[in-house]
Amino acid sequence: MAQKKTCTYSLSGKVLDANTEEPIPNAVVKVKGAEKYTSTNIEGNFKLDNLCTKNNLLIISCLGYTNSSKEHEHDSAIHFYLTQEVTGLEEVTIEAQRTKEKGTESISQVTIGKSEITSNPTQSLAATLSQQQGVTFTSTGTNVQLPVIHGLYGNRILVLNNGLKHGFQNWGADHAPEIDITSANSITVVKGSAGVRYGPEAMGGAIIIEPNPLLLNNPFYITLGTGYLTNGKGYNSNFEIGNGTKNWSYFANGNYTRIGDRNTPNYNLTNSGKEEKAFSFGVLHHLDKWDFKVNYSFVDQNLALLRTSIANSPDSFIRAINSTEPNIIKPFSYDINQPSQTTQHHLAKVEINWWYAIKQKG
């Protein structure tokens with residue numbers, strides 16, 4: 001008959017931090033080769049009972065510490081010291097190439113290129129810019145649109161056309177810049193405090209329109225375009241031509257737009273069309289140390305204002321407000337009647353540059 005093995009041995013101890021000698025609670029103490037384990041209390045103490053052998057190999061582990069193992073004898077108390085586990089991360093190197101910016105180009109400045117401008121040549125300057133963050137427009141009817149930068153417009157925004165202040169009737173919301181966007185090579189919007197460099201008139205920002213560059217040794221090019229709008233049965237035609245030789249460079253462009261009465265799903269907007277004609281050119285003559293440059297642009301606009309949007313008396317204003325649709329609805333027409341705006345704008349610029357150099361004696 002086999003004698004039953006007795007398991008009456010016990011052991012105890014304490015787990016401490018090797019650096020601070022502070023007790024480590026919740027450390028796991030396990031007997032190797034047996035299903036016996038326990039954890040330390042808040043003071044770092046532990047005790048194991050009912051062990052079958054007098055000497056046992058204990059394995060102590062705790063999150064954040066390196067595991068430790070040690071022989072422990074029955075009925076003896078011992079301190080175990082755990083060392084904090086230090087995990088070294090591999091070095092990570094992040095490389096990036098910074099794109100060189102031009103001038104004050106930043107989040108407060110955005111430039112619209114030629115392709116984006118010509119994607120919708122019938123739009124006004126304000127409507128083209130309104131797709132940019134922080135820029136909207138205020139309008140009088142469908143044709144007179146004034147750009148608004150961060151809530152400011154009119155004489156709070158400076159418009160520079162080919163480096164010259166664009167003088168237009170900007171004292172009210174019922175007038176808009178007379179600029180043909182198809183003649184622009186790029187349009188830059190400077191918002192907020194970045195416009196301080198352009199003076200007090202740019203309190204709200206600045207709009208900078210640049211014409212086609214006059215480049216020497218530039219291949220001959222010609223561009224023709226046309227388009228049609230279903231709303232208002234509008235049509236547009238434009239052209240651009242240019243060339244550059246060793247001493248000469250030139251460009252010329254023109255645009256014609258005509259739009260009739262716009263319409264809603266249920267009725268026509270009588271007297272809401274427009275007719276616009278524009279032409280511009282530039283010439284550069286280059287000599288040894290001299291550049292002579294001439295630019296000219298012309299814009300002719302006839303802009304209709306919705307007939308029922310103009311009230312002649314308090315009674316007609318109240319009647320228009322209370323009406324579910326315009327009081328005057330006529331069949332579609334390209335005619336532009338009263339009320340309307342007829343504007344013509346000329347811009348001419350002559351520029352002479354002298355390129356000097358000091359010859360060094362060799």
Side-chain angles (χ1 to χ4, degrees), residues 99-106 108-118 125 129 155 157-168 170 177-191 193-203 205-223 238-255 278-300 344-362:
T99 304
K100 184 177 180 181
E101 298 175 345
K102 296 180 180 179
T104 60
E105 188 172 1
S106 64
S108 61
Q109 177 172 315
V110 60
T111 299
I112 304 172
K114 185 78 171 180
S115 59
E116 187 175 352
I117 294 172
T118 56
L125 173 66
L129 299 180
N155 57 11
I157 295 177
L158 179 65
V159 179
L160 289 177
N161 190 1
N162 195 10
L164 301 177
K165 177 185 174 183
H166 184 80
F168 65 101
N170 60 346
E178 309 87 357
I179 292 178
D180 172 36
I181 63 170
T182 62
S183 65
N185 184 65
S186 67
I187 303 174
T188 300
V189 182
V190 181
K191 298 176 284 185
S193 60
V196 172
R197 60 178 295 192
Y198 299 101
E201 291 181 301
M203 181 182 299
I207 300 172
I208 305 167
I209 298 102
E210 294 291 346
N212 288 348
L214 291 166
L215 304 176
L216 299 174
N217 301 313
N218 191 40
F220 174 80
Y221 66 90
I222 182 170
T223 303
N238 56 78
F239 78 92
E240 187 171 290
I241 187 173
N243 192 17
T245 62
K246 181 179 179 180
N247 295 315
W248 288 91
S249 179
Y250 72 90
F251 76 84
N253 54 46
N255 177 52
F279 174 77
S280 65
F281 72 87
V283 178
L284 167 68
H285 182 41
H286 173 71
L287 297 177
D288 185 25
K289 294 182 181 180
W290 295 85
D291 279 348
F292 299 89
K293 187 187 297 184
V294 176
N295 285 91
Y296 173 77
S297 65
F298 168 73
V299 176
D300 185 327
Q344 289 187 349
H345 192 278
H346 302 262
L347 185 148
K349 179 181 179 181
V350 178
E351 185 177 345
I352 301 175
N353 294 315
W354 174 42
W355 310 102
Y356 68 93
I358 301 175
K359 293 185 179 180
Q360 297 181 351
K361 296 182 180 180

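Positions are given from 1 along the sequence.
In this structure, CD in Glu178 is found 5.5 Å from NE2 in His345, a value given to the nearest 0.5 Å. To the nearest 0.5 Å, the span separating OG on Ser249 from CG on Asn218 amounts to 6.5 Å. Between atom CD1 of residue Ile117 and atom CD1 of residue Ile112 there is a gap of 6.5 Å, rounded to the nearest 0.5 Å. Atom CE in Met203 sits 11.5 Å away from atom CD1 in Ile157 (nearest 0.5 Å). The line from CG of Asn161 to CD1 of Ile207 is 11.0 Å long, rounded to the nearest 0.5 Å.
Here Glu116 does not pair with Lys114 in a salt bridge; the nearest charged N to carboxylate O distance is not below 4.0 Å.
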Quick one, Tyr198 with Val190, criterion side chain to side chain contact (heavy atoms under 4.5 Å, CB included). Give me CA distance, side-chain angles, the key distance, then yes/no. CA-CA 10 Å; Tyr198 299 101; Val190 181; 4.1 Å; yes
Should Leu284 and Leu216 be marked as a side chain to side chain contact (heavy atoms under 4.5 Å, CB included) after you check the CA-CA gap, both sets of side-chain angles, and the distance that decides it? CA-CA 8 Å; Leu284 167 68; Leu216 299 174; 4.1 Å; yes
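Glu201 meets the salt bridge (charged side-chain N to carboxylate O under 4.0 Å, His left out) test with Lys165; sequence neighbours excluded.
Side-chain contact between Phe298 and Gln344 is present, with heavy atoms from C-beta onward closer than 4.5 Å. Ile241 places a side-chain heavy atom less than 4.5 Å from the side chain of Phe220. Residues Leu214 and Phe251 form a side-chain contact, since some pair of their non-hydrogen atoms from C-beta on lies under 4.5 Å apart.
The residue from Ile179, Leu129, Ile208 that alone fulfils the side-chain contact (heavy atoms from CB on, under 4.5 Å) condition with Ile187 is Leu129. A side-chain contact (heavy atoms from CB on, under 4.5 Å) with Leu164 is found for exactly one of Leu347, Ile209, Val159, namely Leu347. In summary, of the residues considered (Thr245, Val294, Asn243), a side-chain contact (heavy atoms from CB on, under 4.5 Å) with Tyr250 occurs for Asn243 alone.
Residues Asn253 and Ser280 have side chains that bring a donor and an acceptor to within less than 3.5 angstrom of each other. A side-chain donor-acceptor contact under 3.5 Å links Glu240 and Asn212. Counting only N and O atoms by type, the side chains of His286 and Asn247 include no donor and acceptor under 3.5 Å apart. Residues Glu210 and Asn185 bring no donor and acceptor atom of their side chains to less than 3.5 Å of each other. A donor-acceptor pair shorter than 3.5 Å can be found between the side chains of Thr111 and Thr188.
Between Trp290 and Phe292, the angle of the ring planes stays under 30°, which puts this pair in the parallel group of the 30/60° scheme. Using a 30° and 60° split on the angle between ring planes, His285 and Trp248 fall in the parallel class, below 30°.
Contact between Phe239 and Ala252 at its shortest, heavy atoms only, is CE1-O, 3.9 Å.
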